[in-house]
Amino acid sequence: MFSVKCQSSPSGHLLSQILEARKKIKSGSPVGEIDPAAAARYATFWFLITGPVSHIFYQLMEVWMPATDPLCIVKRLLLDRLIFAPGFLLMFYFVMNILEAKGWRDFESKMRGSYWTALKMNWKVWTPFQFVNINFVPVEFRVLFANMVALFWYAYLASVRK
């Protein structure tokens, strides 16, 4: 899932902009400038939402599903993939829409246009990483582990939300 993303969110968005510019150069299309405001929006989302929410989620998961539970591996993964991931992605779309100063119709349009695609890609990309992260990485390092994956995940999200 999205999980926790330290500086990966603004970095991922910048990576997305750079990759898009390289693609345009190869195709001969005009290249726009890097958008620092967009990277600032992603940084704001991380600092206010992703970091705190994910940290709390990982802590609560340890309490709700202790390692002593024989089914904790399956329960943790199902909780993360089926409850946390869809809800967090929805929150991402909603908060980014607010930070972009866009209206409800834009939010609905983006949700209809890319939410399901992004969620399916989230499940494909994040499930193996989250399986390892929530079951084998010590809770204090889960945010860091997820940051490594998040750099590329945010680059993908930035491109799919356009």
Side-chain angles (χ1 to χ4, degrees), residues 1-16 36-104 106-108 110-161:
M1 129 61 276
F2 267 176
S3 294
V4 214
K5 288 80 181 162
C6 194
Q7 292 121 357
S8 297
S9 61
S11 301
H13 189 267
L14 286 173
L15 177 61
S16 171
R41 286 189 295 270
Y42 278 75
T44 300
F45 180 78
W46 183 82
F47 283 112
L48 297 179
I49 309 288
T50 305
V53 169
S54 298
H55 175 76
I56 291 167
F57 175 70
Y58 287 140
Q59 296 293 326
L60 288 174
M61 186 183 293
E62 289 297 307
V63 173
W64 294 337
M65 296 163 192
T68 56
D69 181 346
L71 296 176
C72 80
I73 289 176
V74 173
K75 288 178 181 178
R76 287 177 179 185
L77 192 61
L78 289 174
L79 176 66
D80 182 72
R81 306 289 63 230
L82 300 178
I83 305 296
F84 190 74
F88 197 82
L89 186 59
L90 174 66
M91 186 171 19
F92 171 79
Y93 272 71
F94 184 72
V95 171
M96 291 306 288
N97 197 69
I98 291 169
L99 294 175
E100 292 168 349
K102 302 225 172 144
W104 184 254
D106 288 314
F107 174 70
E108 286 179 339
K110 292 219 174 158
M111 287 296 292
R112 282 193 191 105
S114 66
Y115 176 83
W116 180 240
T117 301
L119 182 59
K120 289 188 294 187
M121 184 59 75
N122 177 299
W123 286 336
K124 289 176 189 174
V125 170
W126 280 97
T127 299
F129 293 105
Q130 280 300 86
F131 175 79
V132 171
N133 194 21
I134 61 182
N135 290 301
F136 304 108
V137 175
V139 70
E140 64 269 17
F141 296 117
R142 289 181 188 163
V143 172
L144 180 61
F145 181 85
N147 280 338
M148 295 183 292
V149 180
L151 173 64
F152 300 101
W153 174 244
Y154 270 109
Y156 167 76
L157 274 184
S159 65
V160 79
R161 280 192 75 253

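Remember, predicted model here, so these are calculated numbers, not experimental data. Values below: every heavy atom of this structure, side chains too, minus hydrogens, waters and symmetry copies. Note that the numbering runs from 1 along the sequence shown for the chain.
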Discussion item. In the structure I gave you, are the side-chain heavy atoms of Leu79 and Phe84 within less than 4.5 Å of one another anywhere?
Written reply: no

Item to complete: List in chain and number order the residues that pass side-chain contact (heavy atoms from CB on, under 4.5 Å) with Phe141, two or more places apart in sequence or in another chain; answer none if no residue qualifies.
Response: Val137, Pro138

Discussion item. Taking side chain to side chain donor-acceptor pair (under 3.5 Å) as the definition, give me every residue that meets it alongside Asn135, ordered by chain and number, with sequence neighbours left out.
Written reply: none

Worksheet item: Is the shortest heavy-atom distance from the side chain of Leu71 to the side chain of Met65 under 4.5 Å?
Response: no

Worksheet item: Can you find a heavy atom in the side chain of Phe57 that is under 4.5 Å from one in the side chain of Asp80?
Response: yes

Worksheet item: Less than 6.0 Å separating the ring centroids of Tyr93 and Phe107?
Response: no

Item to complete: Taking side chain to side chain donor-acceptor pair (under 3.5 Å) as the test, write out the residues that go with Lys102, two or more places apart.
Response: none

Worksheet item: If we only count heavy atoms from C-beta on, is the Met96 to Tyr42 side-chain gap below 4.5 Å?
Response: yes

Worksheet item: side chain to side chain donor-acceptor pair (under 3.5 Å) with Glu62: which residues, sequence neighbours excluded?
Response: Arg76, Arg142

Discussion item. Please enumerate all residues that pass salt bridge (Lys or Arg N to Asp or Glu O under 4.0 Å) together with Asp69, with sequence neighbours excluded.
Written reply: Lys75

Worksheet item: How are the rings of Trp104 and Phe94 set to each other: parallel, tilted or perpendicular (split at 30° and 60°)?
Response: perpendicular

Practice prompt. Not counting sequence neighbours, which residues clear ring-ring contact (aromatic ring centres under 6.0 Å, His included) with Trp64? List them please.
Written response: none

Worksheet item: In Å, rounded to the nearest 0.5 Å, how long is the span from CZ of Phe145 to CD of Gln130?
Response: 8.0 Å

